[in-house]
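In what follows, a structure is listed as C-alpha cells, so that the remarks can point back to it.
All values derive from a computational prediction rather than experimental measurement. The figures here come from the full heavy-atom set of this structure, side chains too, leaving out hydrogens, waters and symmetry mates.
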Amino acid sequence: MSVRTRVAPSPTGDPHVGTAYVALFNLVFARSQGGQFILRVEDTDQQRSSSASEAAIVEALRWVGLSWDEGPDVGGRFGPYRQSERLGIYRCHADELVASGGAFRCFCSKQRLDELRRRQQTNRETPRYDGHCRNLDPEESRDRALNCETHVVRLDVPETGACRFSDGIRGDIEIPWQQVDMQILVKSDGFPTYHLAAVVDDHLMGITHILRGEEWLPSMPKHRLIYDRFGWTAPAHYHLPLLRNADGSKVSKRRNPTGLNYYRRIGYLPEALRNYLALMGWSMPDEREIFSTEEMTAAFDIDRLTTGGPVFDFAKLDWLNGQYIRSLAPSEFMDRVADWAINRENLAAVAPLVQQRTERLVDLLPQVDYLLGDRAALDESDFAELRLGADGCVRVLDHVGRRLDEQDGWDRDSLQAAIRSLAEAMGISMRDFLAPLFVAVAGRTVALPLFDSMAYLGRDMVRSRLASALSALGGVSKKKAKRLERAYMELEVDEA
Ligand code: GLU
C-alpha cells in the first residue's frame, strides 16, 4: 500500500510556523516513500474558521515551498478536502457509532454539566462527564432525538483498564481510561468535533502515517477507541516534539513571532526556513546542517526523528539564512530582493503615504525605513520623554497587543476604531496613547500615519514589534502579565 500522509490545519487564524514544520515532515516522509501528501482543511469550528484564514494558510505554505498532491485547491479522488463539505459523511458515521453502542446521545443541560464540573473541582477530581445519559434506553434516546430535543453525541469510554498504543517516536504508551473524557463527537449544532471528523477522514482518505504535534498525544485513546469501534486499523502515529524556547517553554505567539508571514516579511528565504525546520527534531545521517529538502528526502529515515523539544533559535536561523543568501548568484540575489519587498506591487502600497510628503526622491528612504526594513532596536530611553511614563507605556503596549489579537479586520479604519475605543476605555487621550505605539511600530514618535503603517506591516510584524518594545521597557514577568491581563479584562471596551 502506498504511503499517504497529510497536514490538517484548522483555518482559525494566521498561518503558523508549526503548521509548516509538521507539513514539511509529512511531505518529506511521503515523498521519500514514493507516496502522496495531502492538505485537508479542518474547518468544523464554525465560529472560528474563515475562508480568509484558509486562503492565507494555503498561500503561506506555498511560499514556504511546500506542495501537496491532493487538497481543496488541487482536488483529488478522496475529496472533498474541506471538512465543512463532508458533514453528511460524519453524520452517517456518528449514527453508526450510536447504533452499535460505541457512542451515545447525551441530553444533559448546560446547567447540569456546570454543576458536575463544579463538584468535581471541589473534590479535586479530573473534570469528566459522569456517564449520566450513557445507559438511556436506546428507544427513548431515539425518540427524544426525533422530537428534536437538543443533544450531543459522546464517545462511550471504558470505566476501567487502560488504553495501550504505540507511537512511532515515543514507543509504547499506556493511558488509564479513567483519565479519558467521554468526548463529544457531534455538537448540538450537528457539526462533528475534530476527533470524529479527523479519524473518519484519515480512514476514508487512506492515510497510512500521521505525523503531528505532540499536543495531540493525549487524544490518542479517544482516537484509538473510534478506530476500534468502526473496526478500522489505525494509521501509524508519530507525535513530533513541540518547538520550544531556550527556557523549555512552548513557542507561542505572545513571546515569539510564530506567524509565517513574519518570516516572509523579515526576509528569510523559504529554502533556509525549510532547512531550519528540518533540523527541529531530525538530523542528517552525516550530521550536516545545511541541506536542501531534496537531499533531506533522499536521506530521510523516519527512525531518526527525536523526542527532545527542539529549541527554536533565531540566531541559528539568521546564520543559516545568511549562508543561503550569500550562496545566491548576484542576479538571483537581486531577484529575491525584488520578490521580497522592493517591487512595484509592494511599493504601490506605500507610495500614497509618502508621495505628498516628498520634495526630493531622496527624502523617501528615511520615511519608509521602518516599513520596508526592520525598525531600529529600542531601549528604555526611547520611551523616556513620553508623558505616560514607563509603566503607562507598558500598559498601553500590552493592552494594544491583547486588543489586536482579538481583531478580525486588519485595515486602517478598523485598526483605528479598535485602538480609539481601547484608549477611551483606558481613559487616555489619543495623543498620549499613540506616542508609545509610534515608538514601538516605527522606532520614533514622528513617522508616517500610524494606522496606515500598521495596516501595511501586517499582524505578525506589528505583534513582534509590540513584543520587542515591551522587552525594551524591561519585559513583562509572568506575574505582571497576569496583572495586566486582569486589568485588561476589567476594561469596558466598546466593540469597534
Ligand atoms: N486540525 C488539527 C490542528 O489544527 C489537526 C491535528 C492533527 O493533525 O490530527 O492542528
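- Distance check: Leu185 CG to Cys106 SG gives 11.5 Å after rounding to the nearest 0.5 Å.
- By the side chain to side chain donor-acceptor pair (under 3.5 Å) test, Arg117 is found to be paired with no residue, residues two or more places apart in sequence or in another chain being considered.
- Under a 4.0 Å N-O distance rule, the pair Arg118/Asp114 does not qualify as a salt bridge.
- Here the side chains of Arg264 and Leu273 are not in contact, with every heavy-atom distance at 4.5 Å or above.
- For the pair Arg154 and Tyr129, the distance from NZ or CZ to the six-membered ring centre is under 6.0 Å and the angle to the ring normal is within 45 degrees.
- Residues meeting the ring pair (Phe, Tyr, Trp, His ring centres under 6.0 Å) test with Phe29, sequence neighbours left out: His209.
- Smallest separation of non-hydrogen atoms from Ile173 and Arg170: CD1-CB, 4.0 Å.
- Under the rule for a side chain to side chain donor-acceptor pair (under 3.5 Å), His399 has no partner lying at least two apart in sequence or in another chain.
- The residues Arg463 and Asp460 are annotated as salt-bridged, a charged nitrogen and a carboxylate oxygen being separated by less than 4.0 angstrom.
- Sorted by first then second residue, the side-chain hydrogen bond (donor to acceptor under 3.5 Å, both in side chains) pairs that include residues 306-325, not counting sequence neighbours, are Tyr268-Asp318, Asn275-Tyr324, Glu289-Lys316.
- Among all heavy-atom pairs drawn from Ala440 and Arg375, the shortest one is O-NE, 2.6 Å.
- A cation-pi arrangement is present between Arg265 and Tyr456, with the terminal nitrogen or guanidinium carbon under 6.0 Å from the aromatic centre and inside a 45° cone about the axis.
- Contact check on Asp452 versus Arg412 returns a salt bridge, with a Lys/Arg side-chain nitrogen under 4.0 Å from an Asp/Glu carboxylate oxygen.
- For Trp177, there are no ring pair (Phe, Tyr, Trp, His ring centres under 6.0 Å) partners at least two apart in sequence or on another chain.
- Comment: Arg48 engages Asp45 in a salt bridge, judged by a side-chain N to carboxylate O separation of less than 4.0 angstrom.
- For Arg40, the side chain to side chain donor-acceptor pair (under 3.5 Å) partners at least two apart in sequence or on another chain are Glu42, Asp202.
- The minimum heavy-atom distance between Val22 and Leu211, with the atom names listed, is CG1-O, 3.4 Å.
- Of the inter-residue distances, the one linking Leu320 atom CG with Phe314 atom CZ reads 13.0 Å to the nearest 0.5 angstrom.
- Note: Trp63 and Tyr263 fail the aromatic proximity criterion, with ring centroids not under 6.0 Å apart.
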